[in-house]
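Every value quoted in this text rests on a predicted model; they were computed, and no experiment measured them. As a basis for the values below, the full set of heavy atoms in this structure was taken, side chains included, without hydrogen atoms, waters or symmetry mates.
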Amino acid sequence: MNTEPDFREVRGVRLFDGMLDPAAQAAMVADIRALARTAPFLVPVTRRGQEMSVRMTSAGTFGWIPDRRGYRYERRHPSGVEWPPIPPSVLAVWRAVAPDARSPESCLVNWYAPGARMGMHQDRDEGDFDQPVVSISLGDDALFRIGNEARGGRTESVWLRSGDVMVLGGEARLLHHGVDRIAPGTSTLLEAPGRINLTLRVVTGQSPMEQQPE
DNA sequence: AAGTACCT
DNA sequence: GGTT
C-alpha cells in the first residue's frame with residue numbers, strides 16, 4: 001500500500017487507482033475466503049421480493065441485510081452467528097484513504113459473477129452521512145456508474161480494476177451509483193471469473209444517544 | 001427500486 | 001446513457 005496515496009476525482013468521488021499490489025490483493029482474497037466460511041454468502045432480496053444478482057456477506061459489528069422487510073444493518077448473520085471481524089488488511093485501507101473518519105463498523109462483501117449487476121442506488125441506511133464509504137475492488141474489471149444526488153439525470157462511468165480503492169465522501173457521499181457490467185477474464189486474481197467488492201461503512205449515528213442496543 | 005426492460 |  002502506498003503511504004501517501006494519490007487519487008483522481010470524478011464528481012467528487014475519489015479514485016485511488018492500483019492502490020493494492022497483487023500480493024496485497026491475494027492476501028485480502030484469502031481473508032475473505034476465511035470469513036465466508038463463518039458467514040456464508042447470501043442471496044439478497046429487494047423490498048419487492050426480487051433476488052439480486054450479487055451474492056453478499058459482511059464483516060464487522062454490523063452486516064447489511066436486504067429482504068422483503070426492508071434494508072437495514074444487523075449484528076448477526078441470518079444463521080445467528082456474529083459477523084466475523086473486519087480483516088486488519090482491510091482496516092488499513094480505510095485508515096489510509098480516510099484518516100479523519102470514525103472506524104468502520106461494517107464491511108459488506110459483494111460477489112459479482114459474470115452477468116451480475118447492481119442497479120443505481122444511494123447508500124443511505126447509515127446514521128452519519130459525514131462518514132465516507134470506502135470501496136475496494138478485487139478480481140475482474142467492473143464498469144461503475146456515478147450519478148447524482150437526485151434520481152436520474154446524467155451519469156459518468158469509470159472502469160474499476162483489481163486493487164483500485166474508491167471513496168464516496170463529502171459532497172459525493174449521497175451520489176447515486178451502480179455497477180453495469182463485469183468483464184470476465186480481465187484478472188487472474190480469483191479462481192473463478194467475477195469480482196469481489198468490499199464496502200466499508202460507519203453505520204451508527206454520531207451521537208451516543210443514537211447508538212443501537214444489542 | 002441495491003429491478004428490469006426498453007428507448008435513443 | 002436515460003427513463004421507467
- Item | Heavy-atom closest contact (A:Ala101 atom, A:Trp94 atom, distance) | CB-CZ2, 3.7 Å
- Query: Using a 3.5 Å cut-off on both pairing distances, which stems of three or more Watson-Crick or G-U pairs include DNA chain B?
  - Reply: B:5-7 with C:1-3
- Whole-Å distance between B:dT4 P and A:Met120 CE? 15 Å
Can you pull every protein N or O that's under 3.5 Å from an N or O on nucleotides 2-4 of chain C?
unit_1, atom_1, unit_2, atom_2, d
C:dG2, OP1, A:Thr155, N, 3.3
C:dG2, OP2, A:Gly153, O, 3.4
C:dG2, OP2, A:Thr155, N, 2.7
C:dG2, OP2, A:Thr155, OG1, 2.4
C:dT3, OP2, A:Gly153, N, 2.9

- Whole-Å distance, A:Asp67 CG to B:dA1 C1', equals 15 Å
- Counting only side-chain N and O atoms of A:Arg124, is one of them less than 4.0 Å from OP1 or OP2 of B:dA2? no
- Task: Name the orientation class of the two ring planes belonging to A:Phe16 and A:Phe7 (parallel below 30°, tilted from 30 to 60°, perpendicular beyond 60°).
- Result: tilted
- Query: What integer distance in Å separates A:Arg117:CZ from B:dG3:C1'?
  - Reply: 8 Å
- What is the distance from NE2 of A:His176 to C1' of B:dA2, rounded to the nearest Å? 10 Å
- Message: Can you see whether A:Gln50 engages A:Arg48 through a side-chain donor-acceptor pair at a distance of less than 3.5 angstrom?
- Response: no
- Task: Report yes if the side chains of A:Glu51 and A:Pro44 come closer than 4.5 Å at any heavy-atom pair, otherwise no.
- Result: no
- Item | Nearest-angstrom distance from the residue atom CH2 of A:Trp111 to C1' of B:dA2 | 18 Å
- Query: Pick one: which of A:Thr188, A:Thr186, A:Ile196 meets side-chain contact (heavy atoms from CB on, under 4.5 Å) with A:Asp140?
  - Reply: A:Thr186
- Any donor-acceptor pair under 3.5 Å between the side chain of A:Arg47 and the base of B:dA1? no
